[in-house]
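Only one structure is covered here, and it is reproduced in the block below.
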Amino acid sequence: MPVPRRAGVLVSRAGALALIVAVVGLLPWLSGRDPALSVLRARSAEQEPTQEALDAVRRELGLGAGPLSLLGDWFRDVLRGDFGRSWANGAEVLPSVLSGLGVSLTLMGVALAVALLIACALCAPTLVRGARGTLRGDAGTGAPAAALAALPEFLLATLLLVALSVWLGWFPPYGWQGPRHLVLPALALGIPAGGIVGRLVDDALPAVFEERWAGLWRSSGCTPVVIGRAALRRAVPAVLPQLGLVAVGLTGGAVAVETVFAVPGIGRTALGAAESQDLPLLQGSVLALVLLGLVAGVLTQAARRRMLGPGLRDAALSLPAPGERKAGRLRRAVPVVCGLTLMTVICWGLLLDPLHVDTAARLGAPDLTHPLGTDSLGRDVLARAGHGAAATVGIAVLVCASSYVVAVAAGFLPGIAAGAAETANAVPPVIAGILVAAVLGPGIPGASVAVALVSWPPLAAHAAALVQETRASAHLTAQRAIGSPPLWILTRHILPAVAAPVARHAVLRLPGIALALASLGFLGLGARPPAPEWGLTLAESLPYVERAPWAALVPAAMLLLLAAMAVSLSTLPAPKPGRQLIAGVRRRLPGGRAIVPEGNPAR
């Protein structure tokens with residue numbers, strides 16, 4: 001990349017890291033609670049919070065100097081390797097952070113190996129057929145790879161726990177005592193990551209094999225092994241930046257997976273510190289998670305530059321867009337079936353009371369009275385699944401709409417929004433949820449804010465690309481040449497060309513936003529009891545999964561249907577411009593004259 005652009009990226013990353021460090025360092029003040037009161041309650045819940053006791057705690061911790069002084073002292077101590085002491089038990093924070101970080105790195109390393117194996121299995125058919133010259137336009141494993149990529153880690157962890165531990169008894173359900181305890185958490189983290197990596201590489205390979213060099217090498221007698229190795233080397237650098245985001249996703253997904261399997265990693269440590277308001281431990285854990293994601297991104301960029309070599313490392317290497325793949329009737333029917341099933345369960349459940357408690361029917365199996373059984377309090381599972389749609393999907397619609405508005409506005413200001421977008425894109429929703437929960441407290445508002453903060457960058461990148469493309473089109477150059485007002489060009493040409501495609505993109509991301517909200521509810525950072533939100537319902541049913549698996553499987557099935565609908569919609573080909581769009585190319589100018597541009601501005 002050019003030197004100014006590279007300097008801008010470095011400045012953006014430094015600014016992002018400084019912002020996160022400042023937020024982490026100021027958590028005792030951003031939380032809006034008295035830090036001295038939190039310390040006093042953490043040490044002794046029975047002690048009376050008198051003014052003398054609170055003043056003693058403030059003097060001990062230096063809380064009376066103000067937030068900026070506290071931030072400076074904390075940052076100076078961190079640079080010296082001193083993360084302070086826990087407010088709950090007085091133990092040093094650094095050993096706890098290092099212990100949890102070692103467990104998480106081990107888990108993520110094995111999960112990465114699982115992800116690479118799955119990615120290789122997904123890409124193998126396309127690679128073999130492309131190297132042999134038998135690849136067709138409708139080939140590829142986009143749908144299976146997308147299905148694996150859409151599985152949220154906390155949901156997959158629950159399903160693996162029920163199937164392989166509770167029902168089959170192959171692996172231990174909880175703990176961290178030996179290699180057998182590592183299998184299920186690594187699968188829960190590695191399978192979705194492998195689906196993402198496999199889909200990225202599988203989508204890039206057909207375009208590589210269509211390049212001229214592949215046919216030339218094949219006609220000159222090169223073996224399929226040589227051609228396949230060269231194709232991989234050509235395709236992988238173009239998708240390596242996305243692999244850095246996969247590593248960041250592993251960092252965030254580890255929080256939920258460690259919670260499900262009771263793994264003493266850094267993610268579970270951060271979540272426990274957030275719940276107990278142990279802010280020094282929370283600061284150290286979140287800082288370790290953020291640095292872990294940042295280091296993964298830097299290593300990915302270094303690997304890309306290494307693979308490109310000195311000749312291309314400053315160039316923006318990209319692949320041509322692969323050809324469209326036909327969508328059969330079965331693929332088109334999947335979103336319809338998923339949507340009808342979801343609507344049936346939701347409408348049926350809305351007719352029942354989700355808060356009615358019947359202690360005599362606790363953990364009851366499905367019957368005529370309760371078609372999907374009851375939970376640990378005797379509440380109807382079907383009723384909670386139906387009413388939970390409003391708390392899960394309804395709030396996701398509001399978050400998606402707000403992200404859409406922010407993204408369209410940021411698309412017209414790419415230089416100003418680039419740093420904020422990179423910061424938000426580098427923070428997983430779970431980490432954002434922990435930080436927001438420490439400030440606003442756990443609940444639906446905090447979870448909504450956390451997901452909204454990290455969901456707009458992909459939409460903003462799409463909007464910025466469309467704005468740049470539309471502004472450079474020939475028909476707008478003609479509009480400016482004949483004196484059309486800038487506001488008229490903006491409202492009649494640029495904004496319509498950007499708003500509709502980004503809106504379709506936002507709709508495709510709606511199920512993912514709902515799943516992110518459900519993951520925060522599952523971790524206790526979102527909706528609070530007795531709300532019937534799907535993630536919270538799944539978390540409440542997990543301790544009783546051995547006695548009443550249906551109570552956990554019903555919200556899991558609802559989330560799976562939501563993920564399947566997202567996958568099926570994302571794999572369908574984009575609609576081509578209709579007659580109304582083509583007819584709309586002929587634009588009327590303010591003076592009544594007409595101009596027909598060379599290209600269709602609608603995208």
Original post:
Is a donor on one side and an acceptor on the other found under 3.5 Å between the side chain of Ser104 and the backbone of Leu101?
Top reply: no
**OP:** Show your reasoning for whether side-chain contact (heavy atoms from CB on, under 4.5 Å) applies to Leu189 and Leu112.
**Re:** CA-CA 8 Å; Leu189 275 178; Leu112 187 59; over 6 Å; no
Original post:
Checking Ser402 side chain against Val399 main chain: does a donor-acceptor pair fall under 3.5 Å?
Top reply: yes
**OP:** Indicate the atoms forming the closest heavy-atom contact of Gly433 with Leu520, along with that distance.
**Re:** CA-CD2, 4.1 Å
Original post:
Do Asp77 and Arg80 have side-chain heavy atoms sitting under 4.5 Å apart?
Top reply: yes
**OP:** Go through the steps to decide whether Leu160 and Phe171 satisfy the test side-chain contact (heavy atoms from CB on, under 4.5 Å), and finish with yes or no.
**Re:** CA-CA 10 Å; Leu160 291 174; Phe171 300 100; over 6 Å; no
Subject >> Which atom of Ser455 lies closest to which atom of Ser403, heavy atoms considered >> reply: OG-OG, 2.6 Å
**OP:** Determine whether more than 12 heavy atoms belonging to other residues, nucleotides or ligands lie under 6.0 Å from atom CZ of Phe75.
**Re:** no
**OP:** Any chance you could measure Phe522, atom CZ, to Leu559, atom CG, to the nearest 0.5 Å?
**Re:** 10.5 Å
Original post:
When rounded to the nearest 0.5 angstrom, what is the spacing between CG in Leu271 and OG1 in Thr259?
Top reply: 4.5 Å
**OP:** Just do the side-chain contact (heavy atoms from CB on, under 4.5 Å) check on Leu517 and Thr392 with the steps written out, would you?
**Re:** CA-CA 7 Å; Leu517 289 170; Thr392 304; 5.6 Å; no
Original post:
Sub-3.5 Å donor-acceptor pair from the side chain of Arg180 to the main-chain atoms of Trp170, do we have one?
Top reply: yes
Original post:
So, do Phe261 and Leu161 sit near enough that their side-chain heavy atoms are less than 4.5 Å apart?
Top reply: yes
Subject >> Over all atoms of both residues, closest heavy-atom pair of Val454 and Ala432 >> reply: CG1-CB, 4.0 Å
Original post:
Do Ser376 and Glu540 meet the criterion of a side-chain donor-acceptor pair at a distance under 3.5 Å?
Top reply: no
Original post:
Do Val554 and Leu538 have side chains that get closer than 4.5 Å, going by heavy atoms?
Top reply: no
Subject >> Over 12 foreign heavy atoms within 6.0 Å of CZ, Arg547 >> reply: no
Subject >> Whether Glu258 side chain and Arg268 backbone form a donor-acceptor pair below 3.5 Å >> reply: yes
**OP:** May I ask you to decide if Leu94's main-chain N or O and Glu92's side chain share a donor-acceptor pair within less than 3.5 Å?
**Re:** no
**OP:** Can you see which heavy atom on Trp456 is nearest to which on Ala407, and at what distance?
**Re:** O-CB, 3.9 Å
Original post:
Roughly how far, to the nearest 0.5 Å, is CG of Asp202 from CG of Leu205?
Top reply: 6.5 Å
Subject >> CE on Met558 to CG on Leu553, rounded to 0.5 Å >> reply: 13.5 Å
Original post:
Hey, what do you get for CG (Leu122) to CG (Leu117), rounding to the nearest 0.5 Å?
Top reply: 11.0 Å
Subject >> Leu398 vs Ser448 side-chain heavy atoms within contact, under 4.5 Å >> reply: no
**OP:** May I ask you to check whether Thr269 and Ser285 show a side-chain donor-acceptor distance below 3.5 Å?
**Re:** no
**OP:** Start with the C-alpha distance between Val263 and Tyr174, add both sets of side-chain angles, then the distance that settles side-chain contact (heavy atoms from CB on, under 4.5 Å), and finish with yes or no.
**Re:** CA-CA 7 Å; Val263 175; Tyr174 308 110; over 6 Å; no
Original post:
Roughly how far, to the nearest 0.5 Å, is the CD1 atom of Ile395 from the CD1 atom of Ile444?
Top reply: 4.0 Å
Original post:
Taking all non-hydrogen atoms of both residues, which atom of Ala288 and which atom of Val97 are closest, and how far apart?
Top reply: CB-CG1, 3.9 Å
Original post:
Are the side chains of Pro549 and Trp167 in touch, meaning some heavy atoms are under 4.5 Å apart?
Top reply: yes
Subject >> Leu536 to Pro529 - nearest heavy-atom pair and separation >> reply: CD2-N, 3.6 Å
